[in-house]
Amino acid sequence: MNIDSRRIYNINDGPDCVGPVIYLMARDSRVSDNWALLFAQNKAIELKQPLIVAHTLTADWPEMGYRQYRFLLDGLKPLANKLAKLNISFTVLEHKQAREKFIHEQNPGAVIVDFNPLRESREWKRRLADRLSCAVYEVDAHNIVPAHIASPKLEYAAYTIRPKINKLLPDFLTPIPPVKKHPNVLETSLVSPDWEKLESSPRIKTPFPVWTFASGEEAGESMLDEFLTRRLRGYHERRNDANAGAVSNLSTYLHFGFISAQRVAFEAQRFDDDFNARDTFLEELIVRRELSDNFCLYNENYDSFTGFPEWAQKSLDEHRSDPRKFVYSPDEFENARTHDPLWNAAQIELLTTGKMHGYLRMFWAKKILEWSVSPEDAQATALYLNDMYALDGYDPNGFTGVAWSIGGVHDRPWFERDIFGKVRYMAESGCKKKFDIPEYIKRNSQASLEIGS
Ligand code: FAD
């Protein structure tokens, strides 16, 4: 089976050695449609070795909250069974020491990691690659067009990356073969994960879990089926209506890698009932999502003020001392205690469901800028709340979405106004044109607010 070599980088220039092949699964937690797993299997077959998948749990995000951690664990249980049927050994590595000990004991012939542009992920992989003498391969299994190939530099906006991605799509938006039953079995079986113990990890306690979405690969596939059959038609007209239930709800599955963006795009492009809906959806799924990976890959300040474009930094600087009519502390924001019922309803949606509607996410972050003492505080608050409570949080899409809302990233200068300077403003009147605000507020204030329970 051919895997496009442009997805794969030998990050330490090490040689293949004798020993089992280990795939350290992190961002792409699935068996189907996973180029990193397929490459690992190819390598193991070539070296005539067993294949081990070792999930690294919170390695990419050491501060992961209990809500996201439970969602991840729930999805890993069926994944372990699926791998067992394919003769592929599975284990979970709870922390760095366990990871290092395991790799040392297995003495691998090659190690495979998946691609994530975020800082912590790149750092642990870099350190690991420097220490190991066998080859460490990184495979971009998350993007349809691998991020390094889509563009070698920081892109200015969607319109600059779109033609580059579109040109490469015919090469990369292909069917993905299944994983085979692995011919070589590990001689000593690995200790099975103790799920109960993992679930009660003393390290991770908050925030309270939510059960809005079922977890795992199968649940992701069902969500895709349901979206294609019931919600994609009319997506371009209804996606900004926060009451319509018209969006895909796939971001959480994409974020954890329980579903592959390539599979979603491959299925969606065959949808011929409503071309406008299909194309609008593919623009979000492919161009906007991969633009976020580009931003985090090439802008090391993706989570700070200095990562904003110069025009936005200058303009926000000029408006630092503008009077603020309302200023809220992070705690007031977190507990949905602002004067604005719409903002509070959006925050309650995030707290109680683990997802805020995409249109409101923009409004929500822009209001945090308007009601904070500085753009730095606003960015920190928005990232804290997004990553703490959103099931799809701590994702390049989140860092980019916050930087777009507060710092004009991928946007252009607008008319100058107080506090925002030339950063685009969003008013409640914009929301009013898109959806029934009282209905949204009613629905979300009825939701039980059991913070911390
Ligand atoms: P759909 O409308 O069905 O879109 C399908 C897919 O396209 C999404 O799953 C996502 O992968 C991609 N997509 C859609 N909108 C965007 C966008 N603006 N940028 C990049 N990709 C997009 N997305 C996250 O995945 N995680 C986050 O933590 C996150 N935080 C955000 C914070 C702010 C302040 C903003 C403005 C946006 C954020 N987004 C985030 C982007 C976007 O809001 C969500 O991806 C979307 O709401 C997810 O819902 P859905 O899957 O039903 O979207």
Side-chain angles (χ1 to χ4, degrees), residues 27 61 64-65 67-68 118 142-144 155 157-158 161 165 212-213 220 223-224 226-228 230-232 234-242 244-265 267-268 277-296 302-303 333 343 346-347 349-350 353-369 378-379 381-411 423-424 426:
R27 195 188 190 196
W61 180 22
M64 185 187 287
R67 173 175 289 195
Q68 295 84 0
L118 300 183
H142 210 80
N143 290 294
I144 302 173
E155 290 295 334
I161 202 170
I165 289 182
T212 321
F213 305 111
M223 187 63 87
L224 173 62
E226 198 189 300
F227 174 62
L228 294 176
R230 300 205 201 139
R231 299 198 296 276
L232 178 51
Y235 173 87
H236 58 303
E237 289 165 344
R238 302 188 324 131
R239 75 195 163 108
N240 288 329
D241 179 346
V247 290
S248 71
N249 282 333
L250 283 169
S251 59
T252 299
Y253 300 100
L254 290 163
H255 167 73
F256 284 98
F258 288 138
I259 198 160
S260 116
Q262 186 167 339
R263 165 66 51 200
V264 176
E267 300 301 335
R278 180 197 67 185
D279 293 346
T280 308
F281 175 70
L282 289 174
E283 162 75 11
E284 298 296 326
L285 176 78
I286 305 177
V287 177
R288 302 283 161 170
R289 202 182 44 77
E290 305 210 351
L291 178 63
S292 299
D293 262 35
N294 172 278
F295 176 63
C296 294
Y302 58 77
D303 52 354
F333 281 122
W343 193 94
Q347 174 65 13
E349 182 180 30
L350 177 65
T353 69
K355 185 171 188 271
M356 186 192 298
H357 187 275
Y359 190 79
L360 278 150
R361 268 178 144 159
M362 300 186 274
F363 173 80
W364 170 89
K366 283 184 180 288
K367 291 292 157 191
I368 296 179
L369 171 62
Q379 187 181 22
T381 302
L383 286 175
Y384 164 76
L385 296 177
N386 187 72
D387 297 344
M388 171 72 93
Y389 292 106
L391 282 169
D392 63 10
Y394 211 77
D395 187 281
N397 283 349
F399 289 106
T400 310
V402 168
W404 177 89
S405 309
I406 293 173
V409 165
H410 300 149
D411 206 355
V423 172
R424 184 198 296 247
M426 264 175 90

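This structure is a prediction, so every number in the text was calculated from the model and none was measured. Both counts, for ligands and for their atoms, begin at 1 and track the order of listing.
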Please verify the inter-ring angle class for Phe281 with Tyr235; under 30° counts as parallel, over 60° as perpendicular, anything in between as tilted.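 Aromatic pair Phe281/Tyr235 classed perpendicular.
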Side-chain donor/acceptor of Gln68 to backbone N/O of Met388, under 3.5 Å: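 Side chain of Gln68 to backbone of Met388: a pair is present.
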Quick check on side chain to side chain contact (heavy atoms under 4.5 Å, CB included): which of Arg289, His255, Glu290 does His142 satisfy it with?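 When Arg289, His255, Glu290 are each tested with His142, the side chain to side chain contact (heavy atoms under 4.5 Å, CB included) holds only for Arg289.
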Enumerate the protein residues lying less than 4.0 Å from ligand 1, judged by heavy-atom distances, in chain and residue-number order.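 Near ligand 1, by chain and number: Tyr235, Val247, Ser248, Asn249, Leu250, Ser251, Leu254, Phe281, Glu284, Leu285, Arg288, Arg289, Ser292, Lys355, Gly358, Arg361, Met362, Ala365, Asn386, Asp392, Gly393, Asp395, Asn397, Gly398, Gly401, Val402, Ser405.
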Roughly how far, to the nearest 0.5 Å, is OG of Ser260 from CD1 of Ile144?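 Rounded to the nearest 0.5 Å, the CD1-OG separation comes to 7.5 Å.
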For Glu283, give me all partners under salt bridge (charged side-chain N to carboxylate O under 4.0 Å, His left out), at least two apart in sequence or on another chain.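 Only Arg162, Arg288 meet the salt bridge (charged side-chain N to carboxylate O under 4.0 Å, His left out) criterion with Glu283.
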Do Phe333 and Tyr384 have ring centres separated by under 6.0 Å?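 No, too far apart.
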